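Note that the structure is predicted; figures quoted are calculated from it, not measured.
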Amino acid sequence: MKYFEKILIANRAEIAIRVMRACRELGIETVAIYSDADKNALHVKYADEAFHVGEAHPSKSYLNMERIIDIAHKSGSEGVHPGYGFLAENHRFAGLCEKEGIVFIGPSSKTIEMMGSKLGSKHLMESSGVPVLPYTPEGVASAEKAGAIADRIGYPVIVKASAGGGGIGMQIVEDPTALQDAIDKGMRTAKSAFGDPTVFLEKYLVKPRHIEFQVLADAHGNRIHLFDRECSIQRRHQKLVEEAPCPIMTAELREQMASSALTVARVSGYTNAGTVEFLYSNGKYYFMEMNTRLQVEHTITEMITGVDIVHKQLAIASGEDLPYAQEDISIRGHAIECRINAENPLNNFAADPGKILRYRSPGGPGIRIDSGIHMGYSIPPNYDSMIAKLCAWHATRSGAIRRMRRAISEYVILGVKTTIPLHYAIMNNAEYIAGNTHTHFLQEEHIAKTLERYQRDEEARMQTLAGSFEQGKKIAAISTAVNVYLQGKKQ
Ligand code: MV4
């Protein structure tokens, strides 16, 4: 069963390749699109056919709905897989596909639109018995009116854009005197980022955990979850390290959260793969939002469940039944993902695009790499800085951490700065090893301490590895980078 003869992948880089890999295994032909900046990109070479879609700027290429639909028709593609980012959560694009008789490989435009309203989806989940944080049921514009509710909720509160997500327009408010300014600022940001100024208030949780559940739902009312992921380690709302399952999950909490996640999927009429995002603090969890797309970190769920999520997306989109029931899915072992970004962790994570001069990727037992780069490839400056996802699986969490350290030690990327040294520091951090993560983990002092120790270890290793030119050069680069980072910390 191959579900489709041919599909178009409306994305680029590692995620486009990930989708095409599933297609090739199934015998589905693939159509790539590429911008001016991506003429030499790996996803173009991997595809069976490739079409130029426009200029480098996303609005002229990967976001150009009409042009993409046009290419889908011209190439005879029966479906479009949007990957993540770009058009993946654009209900108008999903609707356009529906209208044009092209299968959008994701949920319905209606569900995407409904979940796009953070306020609307909170109403629905609250009335369906899913825990939510105390909030203002309507949009707020004046502190005069919202102040009474904020008093009742209790400070600190957070201002959030209803059309938002990903942290844009968010403002933390510590006391009533700061409320009006925060609402004004939130509304301005929301208006310019989303064209919708609606903001609401919610109880603010200090240093919560971000825990999410992967769900799959077919068009015939079958719904399952693929367990949980812990995604708290982030910077500026970009996740850096994820793991599955969540290290503090208990059987009881998992049962409750999974049941809530499946309720979210049911009441939203969800189909295809999606993620239900919760915040967790002091033994309690709260629904935040649903991501109506395949996520970057789906890989680690695949590693612990053995389910090929992209394969299931294709099956569901073609009208197939989910081939299993909840009891058929279990967790096997533990998986961690490190996002390797072409940026300098020691210079405020500034993007560092450019040419890859040396590239050697890890391998061996339990390692998975999803990437769109190779030696000699020039990373264009126009897009996201994530260049590879390094995932490690092991029967145990501590084994997965050790395996990740081993894989990192094998990874050679020269020519651009990357987040690799930071990942090594995290994998050696006592708090991380103990499973004590939260959304502000990277702002804590202990990370700097781990980097310091890591630097000493690396200097010792450099002596023994001096014979290996590439390794020596790599470690020297890391050492220098760590120094710069620590100097930055002291200022
Ligand atoms: C919060 C919060 C604390 N309290 N809401 C950030 C993006 C969006 N998905 C929700 N976010 C948060 N909402 C309340 N009521 C803290 C965050 C938050 C966060 C959440 C998940 C992952 C990383 C984060 C980093 C900073 C803040």
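- Ionic pairing of Asp384 and Arg339 is not present here: no N-O contact between side-chain nitrogen and carboxylate oxygen is shorter than 4.0 angstrom.
- Looking at residues two or more places apart in sequence or on another chain, you find a ring-ring contact (aromatic ring centres under 6.0 Å, His included) between Tyr285 and Phe278.
- Sorted by first and then second residue, the ring-ring contact (aromatic ring centres under 6.0 Å, His included) pairs involving residues 66-87 (not counting sequence neighbours) are Tyr62-Phe86.
- The side chain to side chain donor-acceptor pair (under 3.5 Å) test applied to Arg397 returns Glu243, not counting sequence neighbours.
- Using a 4.0 Å cut-off between a side-chain N of Lys or Arg and a carboxylate O of Asp or Glu, Arg209 and Glu230 qualify as a salt bridge.
- Residues satisfying the side chain to side chain contact (heavy atoms under 4.5 Å, CB included) criterion with Ala251, sequence neighbours excluded, are absent altogether.
- The pair Lys389-Glu297 does not meet the salt-bridge criterion, since no charged nitrogen lies less than 4.0 angstrom from a carboxylate oxygen.
- Each salt bridge (charged side-chain N to carboxylate O under 4.0 Å, His left out) pair with one or both residues in residues 22-33, not counting sequence neighbours, would appear here, but there are none.
- Residues passing the side chain to side chain donor-acceptor pair (under 3.5 Å) test with Ser109, sequence neighbours excluded: Glu98.
- Taking the centre of each ring, His374 and Tyr377 come in below the 6.0 Å mark.
- Residues Glu89 and Ile112 come closest through the heavy atom pair O-CG2, 3.3 Å.
- For the atom pair CZ (Arg229) and OG1 (Thr299), the distance works out to 8.0 Å, reported to the nearest 0.5 Å.
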